[in-house]
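What follows is one structure encoded as structure tokens, with my remarks underneath.
Numbering starts at 1 and runs along the sequence shown. Everything numeric here is computed off the predicted structure, so don't read it as measured data.
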Amino acid sequence: MRYFILSACVLFLSVQAVQAQTGDTKKNELVPYASKCSKRIKYCNDCGEKKANWKNEKKLTQYFEKNLDMSKLANVYGSINVKVLVDSEGNVCCKEILNNTFNSAKSIAALNIGDAVNEMPKWDAAYTHGKGLNSLVTLTICSHMKDKPTFWVEYAHVEEKKK
């Protein structure tokens with residue numbers, strides 16, 4: 001029994017060491033980013049009869065292709081979730097960046113995604129009953145994923161519960 005436990009521990013540590021050396025572990029970590037969003041304003045999560053949006057998803061991808069250094073994205077494999085605050089007037093602010101790639105948080109921070117978000121033109125704000133809402137929207141930036149285009153950006157909408 002003692003040898004079995006010892007063998008299992010050695011095997012586990014060996015796999016961890018190989019993954020660490022090859023960088024073959026998918027992250028799920030916050031990217032260091034100093035958000036300049038106001039902490040005083042309350043935001044609802046992807047809410048409203050009309051959700052906050054920016055033109056359309058195809059133009060969203062084109063915006064990021066133009067405003068990010070695509071040569072740095074050439075070695076990024078996976079997805080990056082970006083939490084974007086859209087106020088009731090359509091002003092945007094990058095709140096948080098979550099790394100779900102095989103790359104380090106430092107290399108994802110070097111992409112300056114937060115700056116690109118903060119420089120975006122106004123969005124269409126979320127609305128309910130004709131009143132603008134402060135909304136939190138999540139964008140997913142995808143790079144080099146199997147059976148998909150090399151790079152694209154999409155909304156990660158919250159699914160409403162069926163009654």
Side-chain angles (χ1 to χ4, degrees), residues 15-48 50-126 133-161:
V15 168
Q16 295 298 315
V18 167
Q19 287 179 336
Q21 289 175 356
T22 62
D24 196 18
T25 56
K26 196 166 188 181
K27 313 287 185 189
N28 189 9
E29 62 186 343
L30 282 175
V31 174
Y33 176 73
S35 175
K36 296 178 179 135
C37 302
S38 173
K39 293 182 172 71
R40 296 180 186 175
I41 300 174
K42 294 200 181 232
Y43 291 83
C44 54
N45 192 16
D46 197 25
C47 59
K50 179 185 163 285
K51 308 238 186 252
N53 68 74
W54 192 73
K55 298 178 185 179
N56 66 44
E57 286 190 38
K58 185 175 181 182
K59 291 188 178 182
L60 190 61
T61 297
Q62 290 171 350
Y63 173 83
F64 282 100
E65 284 177 331
K66 182 179 175 187
N67 291 282
L68 294 178
D69 183 346
M70 296 306 288
S71 66
K72 289 181 181 177
L73 271 163
N75 296 317
V76 173
Y77 294 84
S79 65
I80 303 161
N81 289 335
V82 183
K83 292 188 178 183
V84 179
L85 301 178
V86 183
D87 71 14
S88 60
E89 296 176 6
N91 300 306
V92 296
C93 183
C94 181
K95 179 180 184 213
E96 184 177 279
I97 302 168
L98 182 65
N99 179 16
N100 292 309
T101 71
F102 294 98
N103 304 78
S104 70
K106 184 178 179 180
S107 67
I108 300 303
L111 298 172
N112 297 318
I113 294 169
D115 294 340
V117 169
N118 291 336
E119 293 168 5
M120 292 181 90
K122 283 191 174 192
W123 286 38
D124 293 330
L133 302 171
N134 298 322
S135 178
L136 172 68
V137 177
T138 302
L139 298 178
T140 303
I141 298 173
C142 303
S143 181
H144 297 94
M145 295 180 74
K146 187 176 181 180
D147 300 327
K148 299 286 185 176
T150 303
F151 175 80
W152 84 99
V153 181
E154 64 186 7
Y155 295 103
H157 287 294
V158 174
E159 296 293 323
E160 293 185 23
K161 293 181 182 176

Would you give the length of the straight line joining atom [atom1] of [X] to atom [atom2] of [Y], rounded to the nearest 0.5 angstrom?
X    : Y    : atom1 : atom2 : value
I108 : I97  : CD1   : CD1   : 9.0 Å
I80  : N100 : CD1   : CG    : 8.5 Å
L111 : L73  : CG    : CG    : 5.0 Å
N28  : S79  : CG    : OG    : 9.0 Å
K83  : K95  : NZ    : NZ    : 6.0 Å
K72  : S107 : NZ    : OG    : 10.0 Å

Show the nearest heavy-atom pair for residues [X] and [Y], with the distance to one decimal.
X    : Y    : value
N99  : T101 : OD1-OG1, 2.6 Å
V137 : A52  : CG2-CB, 3.9 Å
P121 : Y63  : CD-CE1, 4.2 Å
L133 : G48  : CD1-CA, 3.6 Å
E65  : M70  : O-CG, 3.5 Å

Would you say [X] and [Y] make side-chain contact, with heavy atoms under 4.5 Å?
X    : Y    : value
N134 : L85  : no
F64  : V117 : yes
L139 : Y155 : yes
I141 : V82  : yes
L60  : M120 : yes

- Message: Under the criterion side chain to side chain contact (heavy atoms under 4.5 Å, CB included), I'd like the reasoning laid out for C93 against N118: C-alpha separation, chi angles, the key distance, then a yes or no.
- Response: CA-CA 5 Å; C93 183; N118 291 336; 4.0 Å; yes
- Task: Check the angle between the aromatic planes of H144 and Y77 and answer parallel, tilted or perpendicular using the 30° and 60° thresholds.
- Result: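 Ring orientation, 0 to 90° scale: tilted.
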- Message: Taking less than 2.5 Å as the test, are the sulfur gamma atoms of C94 and C37 close enough?
- Response: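 The sulfur gammas are not closer than 2.5 Å, so no.
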- Message: Let's go through Y43 and D87 carefully: what are the C-alpha distance in whole Å and the side-chain angles of both, what is the deciding distance for side chain to side chain contact (heavy atoms under 4.5 Å, CB included) to 0.1 Å, and is it a yes or a no?
- Response: CA-CA 8 Å; Y43 291 83; D87 71 14; 4.2 Å; yes
- Message: Checking the side chain of D115 only, and the main-chain atoms of E119 only, is there a donor and an acceptor separated by less than 3.5 Å?
- Response: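 Flag not set: sc D115 to bb E119 has no pair under 3.5 Å.
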- Output, in order, the C-alpha distance, side-chain angles, deciding distance and verdict of side chain to side chain contact (heavy atoms under 4.5 Å, CB included) for T138 and D46. CA-CA 8 Å; T138 302; D46 197 25; over 6 Å; no
- Item | K122, NZ atom: more than 12 neighbouring heavy atoms under 6.0 Å |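 More than 12 within 6.0 Å, yes.
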